[in-house]
Amino acid sequence: MSDGHIMIVEDERDIRELLRLCVESSGFHVTTAGSVREAQALLGNELPNLALLDINLPDGDGMSLCAEIRNRSDIPVILITCRKEGGDIVAGLEGGANDYIVKPFDVDVVIARIRTQLRSYAYWKQSNYKNRLRNQELSIDLDSCEVTVSGKTVGLSAKERQLLLFLADHPNQVFSASLLYDRIWGLEGTSEENTVSVHIRYLRKKIEVNPSEPKYIQTVRGFGYKFCWVEDY
């Protein structure tokens, strides 16, 4: 029985086939594409449970394809890149990617990250929360996972939403970037601090009245982050 449908988009045939064989041997159903156009055709037929996207493609890039997926679904997206520059990584996360892997990569790490993303996504989707948290301008429905600020729905990426829900469910508890990365992304790694800080920054832009002086997601210098509720109701 398949553990899920994984879509692999990679223009280098040897790498694409290596990934396909390894992912299939791990119990997944796999579809592959070598270009943005081929990937769009696959997406028109069926959304996968997770997308593994190369950034450099002959007729576009994985970031724009990730944005297309985000317009339709919150499924996990992992970018594969040969770019190690921080700006490219930030752009990928800002564009809605859940994780990224830098070439050359270890296929065992790729499989581990796929499984981690799927477990994290399943946990979020199957949440049994039934209540809503309200605090001044901010409202979080822990059942539907809808977030509103001053009555207006806020568009969050899957990881931004999971991070906010986790922090809000543990008010005033301080979490290090490493622990948040482990809880939300599920793997330890050298990128955890940058990944978490990028998502915190964009969360603040979306939910804080003044992101430079955050009221909800606060930094505890030298330790990490905490979520503060101001009891006003």
Side-chain angles (χ1 to χ4, degrees), residues 3-4 6 22-23 26-28 49-53 66 70 74-81 84 86 88-129 133 140 142 145 147 156-208 214 216-229:
D3 288 336
I6 310 300
C22 292
V23 174
S26 298
F28 296 98
N49 299 109
L50 180 145
L52 196 62
L53 311 177
C66 176
R70 279 290 160 264
D74 284 326
I75 64 167
V77 174
I78 300 175
L79 294 176
I80 299 178
T81 176
K84 298 181 180 180
D88 290 321
I89 293 170
V90 169
L93 294 174
E94 180 185 358
N98 300 88
D99 200 358
Y100 62 89
I101 297 171
V102 177
K103 296 178 181 178
F105 51 77
D106 184 323
V107 290
D108 289 335
V109 171
V110 175
I111 299 301
R113 293 201 176 193
I114 287 173
R115 291 195 182 282
T116 297
Q117 290 296 334
L118 289 174
R119 284 197 302 269
S120 180
Y121 185 63
Y123 175 81
W124 172 68
K125 292 289 285 186
Q126 295 170 8
S127 171
N128 291 318
Y129 289 122
L133 298 174
I140 305 172
L142 294 175
C145 300
V147 178
L156 301 177
S157 71
K159 285 303 176 191
E160 287 172 346
R161 186 177 289 110
Q162 291 175 49
L163 182 59
L164 177 60
L165 290 174
F166 179 81
L167 288 171
D169 198 39
H170 299 83
N172 300 314
Q173 184 173 345
V174 179
F175 295 96
S176 67
S178 178
L179 192 149
L180 287 172
Y181 187 86
D182 184 61
R183 293 293 182 88
I184 306 301
W185 283 265
L187 284 175
E188 295 181 0
T190 58
S191 64
E192 73 245 26
E193 187 166 347
N194 184 55
T195 299
V196 172
S197 64
V198 166
H199 282 75
I200 291 290
R201 184 165 70 249
Y202 284 101
L203 261 178
R204 284 172 172 164
K205 288 182 178 180
K206 293 177 180 180
I207 70 171
E208 300 279 0
Y216 299 119
I217 302 178
Q218 297 186 5
T219 300
V220 180
R221 191 174 299 277
F223 292 93
Y225 305 93
K226 68 176 181 178
F227 191 95
C228 296
W229 284 103

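What you see is a predicted model, and the numbers here were worked out from it, not measured in a lab. These numbers come from the heavy atoms of this one structure, side chains and all, not from hydrogens, waters or symmetry mates. Note that the numbering runs from 1 along the sequence shown for the chain.
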Is any side-chain heavy atom of [X] less than 4.5 Å from a side-chain heavy atom of [Y]?
X      : Y      : answer
Leu180 : His199 : no
Val198 : Arg201 : yes
Ile6   : Leu118 : yes
Leu167 : Ile200 : yes

Closest approach of [X] and [Y], non-hydrogen atoms and distance?
X      : Y      : answer
Ala158 : Asn98  : CB-ND2, 3.8 Å
Ile78  : Gln117 : CD1-CG, 4.0 Å
Cys228 : Lys226 : SG-CE, 3.5 Å
Asn49  : Pro76  : O-CD, 3.2 Å
Val77  : Cys66  : CG1-SG, 3.8 Å
Ile75  : Arg70  : O-NH2, 2.7 Å

Worksheet item: Which residues satisfy the ring-ring contact (aromatic ring centres under 6.0 Å, His included) test with Phe175, sequence neighbours excluded?
Response: Phe166, His170
Response to the item:
Taken in chain and number order and not counting sequence neighbours, the residues that satisfy ring-ring contact (aromatic ring centres under 6.0 Å, His included) with Phe105 are none
From [atom1] ([X]) to [atom2] ([Y]), nearest 0.5 Å:
X      : Y      : atom1 : atom2 : result
Ile184 : Arg161 : CD1   : CZ    : 12.5 Å
Leu203 : Leu156 : CG    : CG    : 6.0 Å
Ile140 : Leu164 : CD1   : CG    : 4.0 Å

Worksheet item: Can you say whether the rings of Tyr216 and Phe227 are parallel (under 30°), tilted (30 to 60°) or perpendicular (over 60°)?
Response: parallel
Please enumerate all residues that pass side chain to side chain donor-acceptor pair (under 3.5 Å) together with [X], with sequence neighbours excluded.
X      : answer
Tyr202 : Glu94
Thr219 : Arg204
Lys205 : none

Discussion item. If you apply the rule side chain to side chain contact (heavy atoms under 4.5 Å, CB included), what do you find for Leu50 with Phe28, and how did you get there?
Written reply: CA-CA 10 Å; Leu50 180 145; Phe28 296 98; over 6 Å; no
Worksheet item: Has the side chain of Arg113 got a donor or acceptor atom that lies under 3.5 Å from a matching backbone atom of Trp185?
Response: no
Item to complete: Check the pair Lys159 / Thr195 against side chain to side chain contact (heavy atoms under 4.5 Å, CB included), numbers first and verdict last.
Response: CA-CA 10 Å; Lys159 285 303 176 191; Thr195 299; over 6 Å; no
Discussion item. Could you walk me through whether Arg119 and Thr116 satisfy the side chain to side chain contact (heavy atoms under 4.5 Å, CB included) test, starting with their C-alpha distance in whole Å, then the side-chain angles of each, then the deciding distance to 0.1 Å, before giving a yes or no?
Written reply: CA-CA 5 Å; Arg119 284 197 302 269; Thr116 297; 3.3 Å; yes
Item to complete: Kindly write out the residues that satisfy side chain to side chain contact (heavy atoms under 4.5 Å, CB included) with Asp108, not counting sequence neighbours, or none if the list is empty.
Response: Asp106
Item to complete: Step by step, work out the side chain to side chain contact (heavy atoms under 4.5 Å, CB included) result for Ile207 and Ile217.
Response: CA-CA 9 Å; Ile207 70 171; Ile217 302 178; 4.0 Å; yes
